[in-house]
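Computed from a prediction, not measured in an experiment: that's the story for all the values here.
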Amino acid sequence: GSAPPPAPLSWVTASYSMTIGGSQAEVSYLGLTPGFPGLYQANVKVPALVPGDYSVIATVAGATSNGPLISIR
């Protein structure tokens with residue numbers, strides 16, 4: 001495949017959501033990363049959480065991710 005262009009952004013068109021530590025996270029962008037074929041990017045605002053390790057769960061078109069961890073310090 002070819003690299004997606006820098007504009008317009010290539011947004012995911014299916015329904016999506018993201019949680020961090022079970023709290024809903026605000027997603028400002030989810031789609032292909034400009035200039036990198038096949039690489040997706042998620043720009044997410046982390047909810048207010050106390051320090052610790054939290055699972056990040058992305059759901060796209062009903063499919064759920066495996067829950068990698070993010071550390072909040």
Side-chain angles (χ1 to χ4, degrees):
S2 59
L9 291 174
S10 300
W11 286 77
V12 167
T13 57
S15 62
Y16 57 85
S17 65
M18 190 166 292
T19 60
I20 299 175
S23 296
Q24 194 66 38
E26 180 184 331
V27 180
S28 58
Y29 176 70
L30 181 63
L32 290 169
T33 304
F36 295 89
L39 180 63
Y40 282 80
Q41 172 179 326
N43 296 357
V44 180
K45 182 177 181 183
V46 177
L49 299 167
V50 298
D53 296 329
Y54 298 93
S55 61
V56 178
I57 305 292
T59 302
V60 179
T64 302
S65 69
N66 61 357
L69 293 179
I70 184 172
S71 293
I72 306 294
R73 303 280 176 229

Here the gap from Glu26 atom CD to Met18 atom CE, rounded to the nearest 0.5 Å, amounts to 12.5 Å
To the nearest 0.5 Å, atom OH of Tyr40 lies from atom OG1 of Thr33 at 9.5 Å
Apart from Leu39 itself, its cluster of hydrophobic side chains linked below 4.5 Å comprises Phe36
I'd like to check Val56 versus Val44 (side-chain heavy atoms, cut-off strictly below 4.5 Å). Are they in contact? no
The ring pair (Phe, Tyr, Trp, His ring centres under 6.0 Å) partners of Tyr29 (sequence neighbours excluded) come to Trp11
Taking every heavy atom of Pro6 against every heavy atom of Leu9, the minimum-distance pair comes out as O-CD2, 3.8 Å
Hits for side chain to side chain contact (heavy atoms under 4.5 Å, CB included) against Ala3, two or more places apart or cross-chain, chain-then-number order -> Pro37
Side chain to side chain contact (heavy atoms under 4.5 Å, CB included) filter on Pro47, not counting sequence neighbours, yields Ile20, Ser23, Ala25, Leu49
Next item on the list: Group every Ile, Leu, Val, Met, Phe, Trp and Tyr by side-chain heavy-atom contacts under 4.5 Å, then state whether Ile57 and Ile70 land in the same group.
Entry: no
Side chain to side chain donor-acceptor pair (under 3.5 Å) pairs touching residues 42-57, sequence neighbours excluded, are Gln41-Asn43, Asp53-Ser71
